[in-house]
S.K.: 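Mind looking over this structure? Questions follow.
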Amino acid sequence: MRDHDLPARERRTRGKRRFDDDEPLFLKRGRAAEPAPADPDAEPDPDTGERWSSWDDAVHGPQPHPDWLVTELAAKDTELGVLKTGKEADVHLVRRAVPGTDRSCLLAVKRYRDAQHRLFHRDAGYLEGRRVRRSRENRAMAGRTAFGRQMIAGQWAAAEFAALARLWEIGTRYGTISVPYPVQLRGTELMLEFLGDPAEGLAAPRLAQLRPEAGELRDLWDQMVDALMVLARAGLAHGDLSPYNLLVHAGRLVLIDLPQVVDVVANPQGPEFLARDVRVVATWFAARGLPAGEADPAALTALLLREAGIR
């Protein structure tokens, strides 16, 4: 029997893993008395659009959790609309709030599409260097069967969540890279910190939308180089870096959309992905007026590969 054939409550307990150990006492094995929270898979209330928070049913982001994050089990999630549509996933805006209190936060919720409607048009190269343990899954992924496509979707979500968690911790410690806080992972649904204007529900602008003046352009480029250095030292390349998956929020350059993150050592095409990332962003900055000598793709790529331990 597959997990999606199990009742919702049994699915929530089967194979559950956490980054933390903050499970409330009344939910720990051997404790009793109080009921578990309502099923987060239940249909939303038709009048309010609310459903119970899925926090307790998910893998959590790194600790310490940010102060703004609502983790109470009594919280409810309300769908507010779509922020972005894509070939593989759509990003929705959700408000998580505790009824009757002022505790609330906005979340960007990335949901990969079902196996019939996803289009992983470039997955073969990105998945090099990623392996699952059982040969059945590897064969299904290679053959792009319906089951294999579901496995690939799970890999995208898990890879993005793991990369964001790692980079968030690096950024928190050293301040050299910015990514949205990865709130939780639940199947192929990834919940992230919403970056933008919470009052209006407007997302932070993409770099591609901006026309920065010389001083701001140079500062953003310096941040870009710092972020690329962090990735390289971690042995990673974004894999699809462009001005369209970089946000500018409160003066900070923020990397988003990392499901295709590439291990530049384990993936035979890793150096090529890294070089393409550099070339794309360097071209954009040069076109906006950054002196060519400061945005030399070949020199920066060579430096990053050395930092990654290649060449």
Side-chain angles (χ1 to χ4, degrees), residues 2-6 8 11-12 15-17 38-46 48-61 69-71 75-97 105-123 126-127 141 144 146-165 168 179-196 201-204 206 239-240 244-245 247 254-261:
R2 292 171 293 186
D3 282 356
H4 65 259
D5 295 321
L6 295 170
R11 285 203 308 272
R12 292 202 299 275
K16 179 161 60 175
R17 297 186 298 109
D39 183 2
D41 284 327
E43 289 298 318
D45 185 297
T48 65
E50 297 176 338
R51 69 174 78 229
W52 289 102
S53 164
S54 57
W55 172 257
D56 189 55
D57 194 35
V59 177
H60 301 162
L69 180 60
V70 174
T71 61
K76 290 189 174 183
D77 293 345
T78 304
E79 299 280 339
L80 300 179
V82 177
L83 288 174
K84 175 190 171 186
T85 60
K87 294 183 177 66
E88 290 89 13
D90 296 328
V91 181
H92 299 251
L93 183 63
V94 167
R95 181 178 297 280
R96 175 167 288 175
C105 64
L106 286 179
L107 301 173
V109 182
K110 190 169 187 175
R111 294 173 181 145
Y112 285 91
R113 301 184 181 195
D114 62 56
Q116 287 73 37
H117 297 96
R118 285 193 305 269
L119 177 59
F120 293 97
H121 60 299
R122 296 171 296 171
D123 58 17
Y126 291 116
L127 292 174
M141 287 165 60
R144 302 304 189 267
F147 173 66
R149 290 164 69 88
Q150 185 68 31
M151 287 290 297
I152 291 171
Q155 281 211 2
W156 287 129
E160 181 165 24
F161 186 75
L164 286 169
W168 169 266
V179 295
Y181 178 74
V183 172
Q184 66 179 57
L185 174 67
R186 185 170 181 263
T188 56
E189 180 184 84
L190 179 61
M191 284 191 168
L192 306 168
E193 173 187 8
F194 170 76
L195 296 175
L202 297 176
R206 300 174 187 275
D240 193 28
Y244 292 94
N245 46 38
L247 302 181
V254 184
L255 276 70
I256 61 171
D257 290 341
L258 288 103
Q260 70 294 308
V261 65

S.K.: Between L80 and L106, is any pair of side-chain heavy atoms under 4.5 Å apart?
M.R.: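 Yes, side chains in contact.
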S.K.: Using 0.5 Å steps for rounding, measure from the CH2 atom of W156 to the OG1 atom of T188.
M.R.: 14.0 Å
S.K.: Angle between ring planes, H60 versus W55, binned at 30° and 60°: parallel, tilted or perpendicular?
M.R.: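 The arrangement is parallel - the two ring planes meet at less than 30°.
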S.K.: Check A108 against L83 and note the closest heavy-atom contact, atom names and distance.
M.R.: CB-CD1, 4.2 Å
S.K.: Below 4.5 Å, heavy atoms only, C-beta onward: do L192 and I256 meet side chain to side chain?
M.R.: no
S.K.: At what distance, to the nearest 0.5 angstrom, does CD of E160 lie from OH of Y112?
M.R.: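 Output value for this atom pair is 4.5 Å.
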S.K.: Once side chain to side chain donor-acceptor pair (under 3.5 Å) is applied, do any residues pair with N245, and if so which ones, sequence neighbours excluded?
M.R.: none
S.K.: Of all the heavy-atom pairs spanning A157 and G187, show the shortest one and how long it is.
M.R.: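 Closest heavy-atom pair between A157 and G187: CB-O, 4.0 Å.
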S.K.: Quick one: salt bridge (Lys or Arg N to Asp or Glu O under 4.0 Å) partners of D77, sequence neighbours excluded?
M.R.: R96
S.K.: Which residue in the set L164, L190, L255 passes side chain to side chain contact (heavy atoms under 4.5 Å, CB included) when paired with P180?
M.R.: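 Only one of L164, L190, L255 forms a side chain to side chain contact (heavy atoms under 4.5 Å, CB included) with P180, namely L164.
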S.K.: From L69 CG over to L107 CG, what is the distance, rounded to the nearest 0.5 angstrom?
M.R.: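 The distance works out to 7.0 Å.
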S.K.: To the nearest 0.5 Å, what is the distance between CE on M191 and OG on S54?
M.R.: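 M191 CE to S54 OG: 4.0 Å, rounded to 0.5 Å.
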S.K.: Do you know which two heavy atoms are closest between Q184 and F161, and how far apart they sit?
M.R.: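 Looking at all heavy atoms of both residues, the shortest contact is C-CE1, 3.6 Å.
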S.K.: Under the salt bridge (Lys or Arg N to Asp or Glu O under 4.0 Å) rule, collect the residues that match up with R206, sequence neighbours excluded.
M.R.: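 For R206 there are no salt bridge (Lys or Arg N to Asp or Glu O under 4.0 Å) partners, ignoring immediate neighbours.
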S.K.: Holding to side chain to side chain contact (heavy atoms under 4.5 Å, CB included), I want the full list of residues that pass it with E79, two or more places apart in sequence or in another chain.
M.R.: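 Applying side chain to side chain contact (heavy atoms under 4.5 Å, CB included) to E79 gives H92, V94, R111.
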S.K.: Quick one: are D240 and D257 in side-chain contact, heavy atoms under 4.5 Å?
M.R.: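 In short, these two side chains do not touch, never coming nearer than 4.5 Å.
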